[in-house]
Amino acid sequence: MLDKTKKKVVIAEDETTLNEIYVEILEDLGHEAVGFEDGATALDYILKNEVDFVVSDLKMPIMDGLTLLKELRKRHPSHPPVLIITGYFNPQIRKDALKFGVVDLISKPFDFEKISEYLDR
């Protein structure tokens with residue numbers, strides 16, 4: 001029987017240790033998770049695979065989280081929901097992210113229960 005609560009989640013986080021921790025926590029919560037250390041690699045994966053949800057850091061090399069969101073919107077109209085996490089929160093960034101359809105923009109550090117709430121929706 002297919003578990004409809006299990007989600008395939010892409011993590012885009014350039015800090016290797018955080019990336020690994022996020023993947024491990026999501027897997028411990030019963031989801032399938034795959035991590036990438038830049039937005040461009042994550043985008044390529046998302047365009048080629050079925051993905052239910054994306055968690056992306058805002059500031060990353062090669063392609064940041066906001067650019068990832070914009071590219072998904074442009075190249076994958078029915079793209080999966082994107083949640084952006086950042087240690088550099090400001091109201092203008094939040095406004096820009098919401099304009100491009102982000103689920104939410106939350107500050108690091110964050111509680112993974114918040115992520116679980118988004119995945120359950």
Side-chain angles (χ1 to χ4, degrees):
M1 182 166 91
L2 182 65
D3 182 359
K4 294 194 182 284
T5 60
K6 182 177 183 172
K7 306 282 192 238
K8 185 166 187 176
V9 182
V10 166
I11 303 292
E13 166 62 65
D14 62 317
E15 293 183 43
T16 303
T17 302
L18 287 178
N19 194 314
E20 292 169 355
I21 290 169
Y22 296 166
V23 167
E24 186 176 324
I25 290 171
L26 285 166
E27 288 177 345
D28 287 349
L29 291 171
H31 302 289
E32 181 181 343
V34 59
F36 300 95
E37 294 185 10
D38 66 80
T41 309
L43 175 64
D44 185 55
Y45 181 87
I46 295 163
L47 293 174
K48 294 177 182 174
N49 295 276
E50 194 170 318
V51 173
D52 297 308
F53 201 82
V54 178
V55 178
S56 178
D57 190 10
L58 179 66
K59 302 269 187 193
M60 295 181 290
I62 305 173
M63 179 184 287
D64 65 33
L66 198 53
T67 304
L68 170 62
L69 176 63
K70 290 175 188 176
E71 285 298 313
L72 270 175
R73 186 174 183 196
K74 181 170 39 174
R75 297 167 61 185
H76 189 323
S78 62
H79 67 80
V82 178
L83 175 69
I84 293 182
I85 54 177
T86 184
Y88 305 95
F89 187 85
N90 77 48
Q92 185 59 48
I93 291 172
R94 181 181 177 80
K95 185 177 176 180
D96 291 344
L98 290 171
K99 180 172 78 175
F100 288 102
V102 72
V103 170
D104 202 354
L105 183 121
I106 59 176
S107 296
K108 292 179 187 178
F110 56 88
D111 184 346
F112 257 90
E113 291 202 19
K114 182 95 169 159
I115 305 283
S116 288
E117 290 173 18
Y118 290 112
L119 290 170
D120 290 342
R121 291 181 192 168

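- Between the side chain of E13 and the backbone N or O of E15, at least one donor-acceptor pair lies under 3.5 Å.
- Pairing each heavy atom of V23 with each of V34, the nearest pair is CG2-C, 4.0 Å.
- Remark: side-chain polar atoms of N19 are paired, donor with acceptor, to backbone N or O of F36 under 3.5 angstrom.
- Side-chain contact check for L43 versus R75: some heavy-atom pair is nearer than 4.5 Å.
- At distances below 3.5 Å, not a single donor-acceptor pair connects side-chain atoms of D38 with backbone N or O atoms of M63.
- Of all heavy-atom pairs between L105 and L83, the closest is N-CD1, 4.4 Å.
- Under a 4.0 Å N-O distance rule, the pair D120/K7 does not qualify as a salt bridge.
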Legend entry - side chain to side chain contact (heavy atoms under 4.5 Å, CB included) between K95 and Q92, intermediate numbers included: CA-CA 5 Å; K95 185 177 176 180; Q92 185 59 48; 4.1 Å; yes
Inset, instruction - Go through the steps for L119 and V9 under the test side chain to side chain contact (heavy atoms under 4.5 Å, CB included), then give the verdict. - result: CA-CA 9 Å; L119 290 170; V9 182; 3.7 Å; yes
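- Atom NZ of K108 is surrounded by more than 12 heavy atoms from other residues, nucleotides or ligands within 6.0 Å.
- Here the shortest heavy-atom pairing between G39 and L68 reads O-CD1, 3.6 Å.
- For the residue pair V103 and Y118, the shortest heavy atom distance occurs at CG1-CD2, 3.3 Å.
- Annotation: E24, atom CD; neighbour count of heavy atoms from other residues, nucleotides and ligands within 6.0 Å does not exceed 12.
- Under the 4.5 Å side-chain heavy-atom criterion for grouping Ile, Leu, Val, Met, Phe, Trp and Tyr, I46 is not connected to I62 through any hydrophobic cluster.
- Not a single donor-acceptor pair under 3.5 Å links the side chain of N49 to the backbone N or O of V51.
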Inset, instruction - Would you sort out whether T41 and E37 count as a side chain to side chain contact (heavy atoms under 4.5 Å, CB included), showing the intermediate values? - result: CA-CA 8 Å; T41 309; E37 294 185 10; over 6 Å; no
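- No path of Ile, Leu, Val, Met, Phe, Trp and Tyr side chains, each step under 4.5 Å between heavy atoms, connects M60 with F100, placing them in separate hydrophobic clusters.
- Among all heavy-atom pairs drawn from V10 and A42, the shortest one is CG1-CB, 4.0 Å.
- Under a hydrophobic-cluster definition in which Ile, Leu, Val, Met, Phe, Trp and Tyr are linked whenever side-chain heavy atoms come within less than 4.5 Å, directly or via other members, V54 and L98 are assigned to the same cluster.
- In terms of heavy-atom proximity, F53 sits nearest to P80 at N-CB, 3.9 Å.
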